Protein chains: 2
Amino acid sequence: MPQTHPLNQEISLSVIKTACSNCNLRELCLPYGLSLEELERLDDLVSTRRRIKRGDHLYRAGEVFDAIYAIRSGFFKTDVLLEDGRDQVTGFQMAGELLGLDGISTEHHTCNAIALEDSEICAIPFSRLEVLSREIHTLQHHFHKVMSREIVRDHGVMMLLGTMRAEERLAAFLLNLSQRFTARGFSHAEFYLRMTREEIGSYLGLKLETVSRAFSRFQEEGHIAVQQKHIRILNVNGLKALMNHRAA
Amino acid sequence: MPQTHPLNQEISLSVIKTACSNCNLRELCLPYGLSLEELERLDDLVSTRRRIKRGDHLYRAGEVFDAIYAIRSGFFKTDVLLEDGRDQVTGFQMAGELLGLDGISTEHHTCNAIALEDSEICAIPFSRLEVLSREIHTLQHHFHKVMSREIVRDHGVMMLLGTMRAEERLAAFLLNLSQRFTARGFSHAEFYLRMTREEIGSYLGLKLETVSRAFSRFQEEGHIAVQQKHIRILNVNGLKALMNHRAA
DNA sequence: GTGTTCGCTTGATCCAAGTCAACCATAAAT
DNA sequence: ATTTATGGTTGACTTGGATCAAGCGAACAC
């Protein structure tokens, strides 16, 4: 008779939900490739789940680092601040992706992580992750891969910022989002942007007006349909063509 | 009577030189923080040393990844290539720094590593490094820090490319080089650039002409003295001031 | 409802860096 | 010693994206 004990039910549900072993993101997230038995050991470690409301910080630059975070649901941005007040968005993160890897280096976070919609995260105490990954080879190797993937991603962004024109950057950005939504089982052709034009611009090294103009231009040329934050991709190949446009 | 056996002498010297335990870079490189006994175990692993001549590749994008490389002496650049021929330098690496971390992700290298002067590297077979870092906590943790530091560095470059003007970028670049030379016991105020203006420009998202003009301007303003690749920093604070110049 | 705020779009103008081009310096090749 | 190649500097001009500015539409508060 669950109805008579709503609170207990809530708790047990939450305990079930928090386990990696039955998280539907396990193929994207840290548990990737682990056996059932290994998964259960990871479950012990990933005990704390936390809700972060839209606009709130998951962590701030300068805070002591002691855990990395897996996004269970929702959407985040990370940004870095320069002393003189300038800032830059360094990435957008969605379900199944890890946050906080930058903090390992100095044992302090070096950027801010802010929820762009109400989100849920799993905290993974880092020292315990190191212990466990000494015991589970697969986990160790996968964690190394995740860190390395982050480095490769960053190189992509450097390429984008260093060599691409405004429209190429935005095309690359949209294609990347589309691909990541697809990997999570959502439509590749239709999605809502969680971030503002200004945040997109900050990430792409452009001003919000330039981002807005590029959206308008893509729409005029029939590549996409834009209505506020709702994006429909009408011509993927058109967008891809925009990217390889100008040779060295 | 060493003179009578020059070849043997050479070999034994080289064996001695190859050990992490008496490498003068151990405080900068992977061995950082290890005990003597742990160091000796790392020595077993880092058995292969290789010379790379100026202009030669240490590895190429697409090659299978199986080792990371510690720079023993010399200077490298890494670059990524886009399908359409555009390329970008993603970093410059000097003695004590690690190369190849990007390859862990896909088990293939994703960039090219090219020696900018005759160099020597130590190859560290990655699977053996994983084994050893399961056994030596300090090594495991330090390796994680090194990877994380690379991510933080990349964020810095993103900031540079996304929000800074040409002269700020070059000032940041020179200050960074100076600081890294200092950490290696060289002069902080005087050094030779190992890369061309074009390579600097590629790294900073600028054209070589812009880099050249910025050098000239710094010289006019008395911040540095430039003679080809020989740089003397005359006014560190002047350069630093250039960076924080314009607020958001 | 009506005002207020925030995010977005669009136009007009400006400027930092790119492009094109000529020339110079150093080092290697003959 | 002279040629050739490579890398660097400088000038004139162009341009893509920034800046400044006005106005619009959706969401929310009252």
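Values in this document were obtained by computation on a predicted structure and should not be read as measured data. Numbered from 1 within each chain, the chains take letters A, B, ... in sequence-line order.
A heavy-atom distance below 4.0 Å to DNA chain C is reached by these residues of residues 190-208 of chain B, ordered by number: B/Gly205, B/Leu206, B/Lys207.
Between the P atom of D/dT9 and the CG atom of B/Leu170 lies a distance of 11 Å, rounded to the nearest Å. Here the P atom of nucleotide D/dG8 and the CD1 atom of B/Ile224 are 14 Å apart, to the nearest Å. Rounded to whole angstrom, the span from the CZ atom of A/Phe218 across to the P atom of C/dT9 amounts to 13 Å. Per the geometry, CZ belonging to B/Phe215 stands 13 Å off C1' belonging to D/dG7, to the nearest Å. In this structure, B/Lys229 atom NZ and C/dA27 atom C1' are separated by 12 Å, rounded to whole Å. Taking atom CD on A/Gln227 and atom P on C/dC8, their separation rounds to 13 Å, with Å as the unit. Straight-line distance from the CG atom of B/Leu116 to the P atom of D/dG7: 12 Å, rounded to whole Å. We find that CG of A/Leu161 is positioned 13 Å from P of D/dG17, with the value rounded to whole Å.
Comparing the axis of the opening five pairs of the helix from C/dG1-D/dC30 to C/dT30-D/dA1 with that of the closing five pairs yields an angle of 40°, rounded to 10°.
At a threshold of 4.0 angstrom between heavy atoms, the contacts of B/Ser216 are confined to the sugar-phosphate backbone, with no base atom among them.
A salt bridge links B/Arg217 with B/Glu221: the closest approach of a Lys/Arg side-chain nitrogen to an acidic carboxylate oxygen falls below 4.0 angstrom. In summary, B/Arg194 and B/Glu117 engage in a salt bridge, as defined by a charged side-chain N under 4.0 Å from a carboxylate O. A salt bridge is absent between A/Glu198 and A/Lys207: the closest approach of a Lys/Arg side-chain nitrogen to an acidic carboxylate oxygen does not fall below 4.0 angstrom. Ion pairing between a basic and an acidic side chain is recognised when a charged N comes within 4.0 Å of a carboxylate O; B/Glu168 and B/Arg165 show no such pairing.
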Name the pairs: protein N/O against N/O of nucleotides 21-25 of chain C, kept only if under 3.5 Å.
none

- [ ] Take A/Cys122 and A/Tyr69 through the side chain to side chain contact (heavy atoms under 4.5 Å, CB included) test and state the conclusion after the steps.
- [x] CA-CA 6 Å; A/Cys122 303; A/Tyr69 304 96; over 6 Å; no

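Counting non-hydrogen atoms of other residues, nucleotides and ligands closer than 6.0 Å to CZ of B/Arg54 gives a total of 12 or fewer.
Set against D/dT10, C/dG18, D/dG17, the side chain of A/Arg165 has D/dG17 as its closest nucleotide.
Between the side chain of A/Arg213 and the base of D/dT19, at least one donor-acceptor pair of N or O atoms lies under 3.5 Å.
The ring-ring contact (aromatic ring centres under 6.0 Å, His included) search around B/Phe186 returns none, not counting sequence neighbours. With sequence neighbours left out, the ring-ring contact (aromatic ring centres under 6.0 Å, His included) criterion links B/His109 to B/Tyr59, B/Phe65. Residues passing the ring-ring contact (aromatic ring centres under 6.0 Å, His included) test with B/His57: none are found, sequence neighbours excluded.
For A/Ser212, a side-chain nitrogen or oxygen approaches OP1 or OP2 of C/dT9 to under 4.0 Å.
B/Phe92 has its ring centre less than 6.0 Å from the ring centre of B/Tyr203.
Between B/Thr78 and the options B/Asn112, B/Thr90, B/Asp102, B/Leu58, a side chain to side chain contact (heavy atoms under 4.5 Å, CB included) holds for only B/Thr90.
Judged by distance alone, the side chain of B/Ser178 and the main-chain N or O of B/Leu174 form no donor-acceptor pair under 3.5 Å.
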